[in-house]
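First comes the structure, then the notes that go with it.
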Amino acid sequence: MADWRPTFKSPKLLIVDARLSVFILLALIHFSKLTVGLALAAMGILVFVEVRKRMSLESSIRGVRMMLVNMAFSKKRPPRPYAKIGRKTDYGRILD
């Protein structure tokens, strides 16, 4: 039987990512409404992102980071470096 390691897929426990086991473990160690609620919220968000949006955990973290950077620096920072932005060129075309 082949391992999951050579496939480069993330390990899963049923439908959720196995890396969520940290949240489940914290909820089991410190059993309170808050920790169980946070663990369930994290699992629900990750299942939504993975199943509905078809994104991995790494991709969703990059997306959140990109969204936060765009909210903070959207007017100040272009998506490409200034050296790679092409100059505006007039080709002498007459537009009707």
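Atoms considered below: every heavy atom in the structure, side chains included; atoms not considered: hydrogens, waters and symmetry mates. These numbers were taken from a predicted model, which means no experiment stands behind them.
- Hydrophobic clustering (ILVMFWY, side-chain heavy atoms < 4.5 Å, transitive): Val64 and Met71 are in one cluster.
- Inter-residue side-chain proximity for Leu38 and Phe23 is flagged as unmet; no heavy-atom pair is nearer than 4.5 Å.
- If you take CG on Leu40 and CD1 on Ile45, they are separated by 11.0 Å, rounding to the nearest 0.5 Å.
- Met66 CE to Ile61 CD1: the interatomic distance, rounded to the nearest 0.5 Å, is 14.0 Å.
- With rounding to the nearest 0.5 angstrom, the CZ atom of Arg62 is 8.0 Å from the CE atom of Met55.
- The distance from the CG atom of Leu28 to the CD1 atom of Ile24 is 7.5 Å, given to the nearest 0.5 Å.
- Not one N or O on the side chain of Ser60 forms a donor-acceptor pair closer than 3.5 Å with the backbone of Val49.
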